[in-house]
Amino acid sequence: MAFGNYKEVMALKAKDNAITGVAQDGGVVTALLCYALDQGVIDGAIVAGKSDTPWLPKPVVATTKEEIIAAAGTKYTISPNMAAIKTAVREYGLDKVALVGTPCQIYAARKMQLYPFGARHVGDKIALTIGIFCTENFSYAGLKTIIEDHCKVPVESVKKMEIGKGKFSVKAAKDVAIPIKETHKYEQDGDHVCTDLTAEFADIATGSIGTPDGWSTTFTRTTKGSDLMKKAIAAGVFETKQMSEFAAPMGLAMLEKLENGKKDKAKKHAAERQALGLYVTPGILY
Ligand SMILES: Cc1cc2nc3c(=O)[nH]c(=O)nc-3n(C[C@H](O)[C@H](O)[C@H](O)COP(=O)(O)OP(=O)(O)OC[C@H]3O[C@@H](n4cnc5c(N)ncnc54)[C@H](O)[C@@H]3O)c2cc1C
Ligand code: SF4
């Protein structure tokens with residue numbers, strides 16, 4: 001089924017300007033984490049925080065709204081958020097941890113919950129998973145090359161970066177957009193066998209494809225995710241719109257096209273790898 005299992009899908013935008021001012025899209029991730037923390041649904045969240053190197057994220061265990069907000073915005077490189085789960089549970093002593101991650105990271109969290117090898121009493125402390133849509137990711141060296149050699153701006157001058165409408169764009173001293181095809185060679189190789197664009201295993205999954213700038217296409221997938229989202233909307237955390245309000249080149253038809261494209265591409269790469277005698281994950285996700 002396109003988009004995986006879900007209960008509701010809608011367009012959302014956080015109402016809090018302090019959040020939308022720093023968030024990547026509609027601020028769904030940051031606003032929902034802040035609400036969940038306020039309500040005691042979680043006692044902390046693993047997010048991609050800042051490090052000393054510009055745009056190189058560092059997994060952070062955030063236990064305050066300020067820390068959650070400080071980690072808003074997309075960093076287009078690997079932030080191994082799952083690596084902070086044991087820290088959150090065993091060092092911070094958290095019982096109700098939220099995990100923010102790309103679809104593969106949400107998949108890892110579900111595997112940890114079902115098969116907790118080397119991680120007993122850790123996965124059961126994951127109280128909420130928020131998945132962010134993901135088409136591809138880059139190594140840090142690759143991202144830096146895209147920004148410095150292709151966009152021709154110093155990485156430390158970048159205020160925001162974005163992928164959408166066939167372009168990779170940066171807001172820096174000057175705003176630059178380059179065709180996305182220039183970035184393909186810097187993609188992580190593992191992404192080419194990844195079949196999940198919309199974080200199919202998350203409690204809540206959100207991304208920009210399908211909605212106008214400043215809004216987020218958001219799926220609630222589990223009962224827990226749906227209940228929390230309904231409460232947040234009732235509490236006035238978000239402005240909401242129906243996805244049917246958006247026609248091509250936005251809306252669910254566009255998202256479905258891109259999702260099917262990602263799955264088809266992954267199948268093709270998996271077949272090529274198999275033909276070379278390489279191991280390929282059994283086809284349950286295809
Ligand atoms: C590598 C990558 C590729 C993406 N590709 C797409 C795409 O093709 N289509 C699409 O619609 N959306 C994509 N997204 C998601 C999109 O950029 C936004 O993250 C999403 O829409 C959430 O926006 P928001 O305003 O709700 O998030 P915010 O409120 O700004 O919060 C973003 C959250 O994501 C966390 N985060 C940031 N970078 C990373 C990272 N590298 N790894 C893990 N967590 C991170 C932050 O810590 C923060 O908690 C991608 C994100 C990443 C990281
Ligand atoms: S493309 Fe897939 S494997 Fe690569 S970062 Fe995104 S979710 Fe993970």
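Both counts, for ligands and for their atoms, begin at 1 and track the order of listing.
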### Message
Taking 2.8 Å as the cut-off, does C134 contribute an N, O or S atom near atom 8 (Fe) of ligand 2, distance below it?
### Response
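No, outside the cut-off.
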
*Just wondering, is there an N, O or S atom on E136 that's nearer than 2.8 Å to atom 4 (Fe) of ligand 2?*
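Checking atom 4 (Fe) of ligand 2 against E136, no N, O or S atom falls under 2.8 Å.
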
Taking both backbone and side-chain atoms into account, decide whether C104 has an N/O/S atom under 2.8 Å from atom 2 (Fe) of ligand 2.
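Coordinating: no.
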
Side chain, backbone, both or neither: the part of [X] lying under 4.0 Å from ligand 2 by heavy atom:
X: K262; result: side chain
X: Q188; result: side chain
X: I78; result: neither
X: N137; result: side chain

Which of these, I132, T211, L258, has its nearest heavy atom closest to atom 22 (C) of ligand 1?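 Among I132, T211, L258, the closest heavy atom to atom 22 (C) of ligand 1 belongs to I132.
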
- Query: Any idea which of A71, G101, G73 brings a heavy atom closest to atom 37 (C) of ligand 1?
  - Reply: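 Checking each option, the heavy atom nearest atom 37 (C) of ligand 1 is found in G73.
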
Inspect the surroundings of [atom1] in [X] and state if more than 12 heavy atoms from other residues, nucleotides or ligands are less than 6.0 Å away.
X: Y279; atom1: OH; value: yes
X: K257; atom1: NZ; value: no
X: Q242; atom1: CD; value: no
X: K231; atom1: NZ; value: no

For [atom], which protein heavy atom lies nearest, and how many Å away is it?
atom: atom 17 (O) of ligand 1; answer: T74 OG1, 2.7 Å
atom: atom 4 (C) of ligand 1; answer: F133 O, 3.3 Å
atom: atom 11 (O) of ligand 1; answer: S208 N, 2.6 Å
atom: atom 7 (C) of ligand 1; answer: T135 OG1, 3.6 Å
atom: atom 33 (C) of ligand 1; answer: V29 CG1, 3.7 Å
atom: atom 2 (Fe) of ligand 2; answer: C194 SG, 2.3 Å
atom: atom 39 (C) of ligand 1; answer: A48 CB, 3.7 Å
atom: atom 24 (P) of ligand 1; answer: G27 N, 3.7 Å
atom: atom 34 (O) of ligand 1; answer: V100 CG1, 3.7 Å

With nothing but distance in play, are any N or O atoms of [X] less than 3.5 Å from an N or O of ligand 1?
X: V47; answer: no
X: I209; answer: yes
X: S79; answer: no
X: P57; answer: no
X: Q24; answer: yes
X: V22; answer: no
X: K75; answer: yes

**Study point:** Distance, nearest 0.5 Å, that separates NZ of K152 from CD1 of I178
**Key:**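 It is 9.0 Å, given to the nearest 0.5 Å.
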
If you measure from CG on D191 to NZ on K262, what distance do you get to the nearest 0.5 Å?
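Going from CG on D191 over to NZ on K262, the span is 6.5 Å.
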
Atoms in ligand 2 with a heavy atom of D191 nearer than 4.0 Å
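Those atoms are 1 (S), 3 (S), 4 (Fe), 5 (S).
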
Using a strict 4.0 Å cut-off to heavy atoms of P103, name the atoms of ligand 2 that fall inside it.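 Every atom of ligand 2 under 4.0 Å from some heavy atom of P103: 7 (S).
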
Using atom types as modelled and distance alone, determine if a side-chain donor or acceptor of [X] lies under 3.5 Å from a backbone N or O of [Y].
X: Q24; Y: M161; value: yes
X: E148; Y: T145; value: no
X: S157; Y: P154; value: yes
X: K58; Y: S79; value: no
X: T217; Y: I209; value: yes
X: D203; Y: K224; value: no
X: E136; Y: E187; value: no

[X] neighbourhood, listing ligand 1 atoms whose heavy-atom distance to it stays under 4.0 Å:
X: V28; value: 24 (P), 26 (O)
X: E136; value: 1 (C), 3 (C)
X: A72; value: 30 (O)
X: N137; value: 1 (C)
X: G26; value: 25 (O)
X: T30; value: 28 (P), 29 (O), 31 (O)
X: Q105; value: 43 (C)

Classify the side-chain pair [X]/[Y] by whether it contains a donor and acceptor separated by less than 3.5 Å.
X: E259; Y: T198; value: yes
X: S226; Y: R221; value: no
X: E162; Y: S169; value: no

- Given K165 and D213, is the salt bridge (charged side-chain N to carboxylate O under 4.0 Å, His left out) satisfied, shown in steps? CA-CA 11 Å; K165 302 181 191 96; D213 287 353; 3.4 Å; yes

**Message:** Just to be sure I read this right, does ligand 1 sit under 4.0 Å from the backbone of N81, its side chain, both, or neither, counting only heavy atoms?
**Reply:**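 Near ligand 1, N81 shows its side chain, while the N, CA, C and O stay back.
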
message = Does the residue I163 have a heavy-atom contact with ligand 1, meaning some pair of atoms that are separated by less than 4.0 Å?
response =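 It does not; every heavy atom stays at 4.0 Å or beyond.
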
**Asked** Can you tell me if E162 has a non-hydrogen atom under 4.0 Å from ligand 1?
**Response**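 Per 4.0 Å heavy-atom rule, E162 does not contact ligand 1.
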
Original post:
Is it true that Y186 and F138 have ring centroids separated by less than 6.0 Å?
Top reply: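 Aromatic pair excluded; centres sit 6.0 Å or further apart.
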
**Study point:** Over-ring placement of K144 relative to W55, 6.0 Å and 45° cut-offs
**Key:**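 Because its charged atom misses either the 6.0 Å distance or the 45° angle limit, K144 does not stack over W55.
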
Single-linkage hydrophobic cluster M243~L12, side-chain heavy atoms < 4.5 angstrom: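 Cluster IDs for M243 and L12 differ.
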
Quiz item: Should the pair F219 and Y6 be assigned to parallel (<30°), tilted (30 to 60°) or perpendicular (>60°) ring geometry?
Solution: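 Judged by the thresholds at 30° and 60°, the geometry between F219 and Y6 is perpendicular.
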
